[in-house]
Amino acid sequence: MSPRFPSSLTTRRLHLRRLHRADAQALCAYRSQPEVARYQSWTTYGPDDAARLLDDQQDRDIGTPGTWLQVAIVETSSGHLVGDCGLHCLEDEPQQFEIGITLAHDHHGKGYATEALECLLHYLFTTLSARRITATTDVLNEPAAALFRRLGFRQEAHHIEHRPYKGTLTSEFVFALLSREWTARSHSHQQP
Ligand SMILES: CC(C)(COP(=O)(O)OP(=O)(O)OC[C@H]1O[C@@H](n2cnc3c(N)ncnc32)[C@H](O)[C@@H]1OP(=O)(O)O)[C@@H](O)C(=O)NCCC(=O)NCCS
């Protein structure tokens, strides 16, 4: 049986929880921002898209092979949903996860994505004993690549024009972080 995602994980400025049906309006508002949609699988994001995602998520849990769990990123000071993070447990190897993150445009540049992902990496590597975590970014999406580099991910691949995407051929980076690399990095960041 899959473990339950905690009712809430907290960081200095955020808390992370499962998505609720009541998140639909906020989810649509930021996912439909052009700056947010630019490198994502969608171009527009309306109420039907949000309803489908939220319905699918209600019975989901973390660590079910072959599924994505979308985690809400909530700003603690305002109580607003400011983004979401996807955690994909790989079908063939459930100790490996792929992650993705989306933040509302007005909350970029505050360190929220780094803060949320540091917390989720800790959760995946310690509580779920994840072995390897990957992320794929469009090569033109500089803030996303910078985010994964800042978190200690290694660039493992640079696929060039390998996939049709929004009327063009996209090039992508693949980033990866092993459990032992994350542990070594955590120790090197500890105060003496
Ligand atoms: C990818 C994405 C989440 C990155 O967001 P981001 O805001 O650049 O990343 P962070 O939230 O970690 O913020 C880091 C920035 O905040 C700055 N910052 C400001 N205050 C800070 C604080 N208190 N703590 C930490 N960083 C702070 C950092 O210096 C950094 O700025 P820099 O990039 O100019 O050096 C965002 O661009 C996004 O949602 N894009 C649309 C969706 C998308 O394309 N997702 C990628 C799919 S994988």
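These numbers come from a predicted model, not from an experiment. Every number for a ligand or one of its atoms is a count from 1 in the order of the listing. The residues of the chain are indexed from 1 along the displayed sequence. Scope of the values below: all heavy atoms of this structure, side chains included, with no hydrogens, waters or symmetry mates.
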**Message:** With respect to Glu35, determine whether any N or O atom, backbone or side chain, lies less than 3.5 Å from an N or O atom of ligand 1.
**Reply:** no
**Request:** Return the residue, atom name and 0.1 Å-rounded distance of the protein heavy atom closest to atom 45 (N) of ligand 1.
**Result:** Ile101 O, 2.8 Å
**Item:** Over 12 non-hydrogen atoms of neighbours within 6.0 angstrom of CZ in Arg38
**Value:** no
**Item:** Proximal ligand 1 atoms for Val36, defined as those under 4.0 Å from one of its heavy atoms
**Value:** 41 (C), 42 (C)
**Prompt:** Should we count NE2 of His122 as having more than 12 external heavy atoms under 6.0 Å?
**Reply:** no
**Request:** Could you go through the salt bridge (charged side-chain N to carboxylate O under 4.0 Å, His left out) check for Glu93 and Arg131 one step at a time?
**Result:** CA-CA 10 Å; Glu93 211 200 320; Arg131 190 178 74 70; 3.0 Å; yes
**Prompt:** Hey, is atom 2 (C) of ligand 1 touched by any protein heavy atom at less than 4.0 Å?
**Reply:** no
**Request:** May I ask you to check whether Phe148 has an N/O atom sitting below 3.5 Å from an N/O atom of ligand 1?
**Result:** no
Check: residues 80-89 side-chain donor-acceptor pairs under 3.5 Å, at least two apart:
| from | atom 1 | to | atom 2 | distance (Å) |
| --- | --- | --- | --- | --- |
| His80 | ND1 | Ser78 | OG | 3.4 |
| Asp84 | OD1 | Tyr30 | OH | 2.5 |
| Asp84 | OD1 | Arg31 | NE | 3.4 |
| Asp84 | OD2 | Arg31 | NH2 | 2.7 |
| Asp84 | OD2 | Gln70 | NE2 | 3.0 |
| His88 | ND1 | Glu98 | OE1 | 2.9 |

**Prompt:** What atoms in ligand 1 come closer than 4.0 Å to a heavy atom of Pro143?
**Reply:** 8 (O), 37 (O)
**Asked** What protein heavy atom is closest to atom 5 (O) of ligand 1, reported as residue, atom name and distance in Å?
**Response** Ala113 CB, 4.0 Å
**Item:** Residue and atom name of the nearest protein heavy atom (relative to atom 7 (O) of ligand 1), distance in Å to one decimal
**Value:** Gly109 N, 2.6 Å
**Flag for Glu118-Thr11: side-chain donor and acceptor within less than 3.5 Å** = no
**Request:** Indicate whether the side chain of Thr114 and that of Arg150 have a donor and an acceptor atom separated by less than 3.5 Å.
**Result:** yes
**Options Glu98, Arg12, Lys110, ranked by nearest heavy atom to atom 27 (C) of ligand 1, top entry** = Lys110
**Request:** Establish whether atom 34 (O) of ligand 1 and some protein heavy atom are separated by less than 4.0 angstrom.
**Result:** no
**Item:** Structural part of His108 in contact with ligand 1, heavy atom criterion under 4.0 angstrom
**Value:** both
**Request:** Starting from atom 13 (O) of ligand 1, locate the nearest protein heavy atom and write down its residue, its atom name and how far away it is, to 0.1 Å.
**Result:** Gly111 N, 3.0 Å
**Prompt:** At a non-hydrogen distance cut-off of under 4.0 Å, which region of Asp138 contacts ligand 1 (side chain, backbone, both, or neither)?
**Reply:** neither
**Request:** Pick one of side chain, backbone, both or neither for how Arg13 approaches ligand 1, counting any non-hydrogen atom pair under 4.0 Å.
**Result:** side chain
**Prompt:** Any protein heavy atom sitting closer than 4.0 Å to atom 24 (N) of ligand 1?
**Reply:** yes
**Item:** Contact (N/O only, under 3.5 Å) between Tyr112 and ligand 1
**Value:** yes
**Message:** Would Thr137 and Leu147 count as a side-chain contact (heavy atoms from CB on, under 4.5 Å) here? Give the steps.
**Reply:** CA-CA 10 Å; Thr137 69; Leu147 169 67; over 6 Å; no
**Backbone or side-chain N or O of Ala144 under 3.5 Å from ligand 1 N or O** = no
**Request:** Write out the residue and atom name of the closest protein heavy atom to atom 48 (S) of ligand 1, then the distance separating them to 0.1 Å.
**Result:** Thr136 O, 3.9 Å
**Heavy-atom neighbours of Gln25 CD exceed 12 at 6.0 Å** = no
**Message:** My understanding is that we take every heavy atom of each candidate and find the minimum distance to atom 39 (O) of ligand 1. Doing that for Thr137, Ile73, Leu103, which one comes out nearest?
**Reply:** Leu103
**Asked** Under 4.0 Å from any heavy atom of Asn141, which atoms of ligand 1 are there?
**Response** 43 (C), 44 (O), 46 (C)
**Prompt:** For ligand 1, is there an N or O atom under 3.5 Å from any N or O atom of Ile99?
**Reply:** no
**Message:** Under 4.0 Å, heavy-atom basis, I'd like to know which part of Gln40 is in contact with ligand 1: side chain, backbone, both or neither.
**Reply:** side chain
**Request:** Measure the distance from atom 12 (O) of ligand 1 to every protein heavy atom, then report the residue, atom name and distance (to 0.1 Å) of the closest one.
**Result:** Thr114 OG1, 2.5 Å
**Item:** Salt bridge present between Arg52 and Asp49 (N-O < 4.0 angstrom)
**Value:** yes
**Message:** Does Arg185 have more than 12 heavy atoms from other residues, nucleotides or ligands lying within 6.0 Å of its CZ?
**Reply:** yes
**Message:** What verdict does the side-chain contact (heavy atoms from CB on, under 4.5 Å) test give for Thr183 and Phe125, after you've listed the backbone C-alpha separation in whole Å, the side-chain angles of each residue and the deciding distance to 0.1 Å?
**Reply:** CA-CA 9 Å; Thr183 303; Phe125 282 130; over 6 Å; no
**Asked** In terms of side-chain geometry, is the basic nitrogen of Asp138 or Lys166 positioned less than 4.0 Å from the acidic oxygen of its partner?
**Response** no
**Message:** Is it the case that over 12 heavy atoms from other parts of the model lie below 6.0 angstrom from the CG atom of Asp55?
**Reply:** yes
**Asked** Counting both backbone and side chain atoms, is some N or O of Arg150 under 3.5 Å from an N or O of ligand 1?
**Response** yes
**Asked** Is there at least one pair of N or O atoms, one from Thr102 and one from ligand 1, spaced under 3.5 Å apart?
**Response** no
**Message:** What verdict does the side-chain contact (heavy atoms from CB on, under 4.5 Å) test give for Leu128 and Phe97, after you've listed the backbone C-alpha separation in whole Å, the side-chain angles of each residue and the deciding distance to 0.1 Å?
**Reply:** CA-CA 10 Å; Leu128 292 196; Phe97 287 81; 3.8 Å; yes
**Message:** Does the protein come close to atom 10 (P) of ligand 1 - that is, does one of its heavy atoms sit below 4.0 Å from that atom?
**Reply:** yes
**Item:** Pairs touching residues 127-152 that satisfy ring pair (Phe, Tyr, Trp, His ring centres under 6.0 Å), sequence neighbours left out
**Value:** Phe148-Phe153
**Asked** Does the protein put any heavy atom within less than 4.0 Å of atom 29 (O) of ligand 1?
**Response** no
**Request:** Evaluate the criterion side-chain contact (heavy atoms from CB on, under 4.5 Å) for residue pair Ile62 and Leu124; output intermediate values, then yes/no.
**Result:** CA-CA 9 Å; Ile62 187 75; Leu124 292 174; 4.3 Å; yes
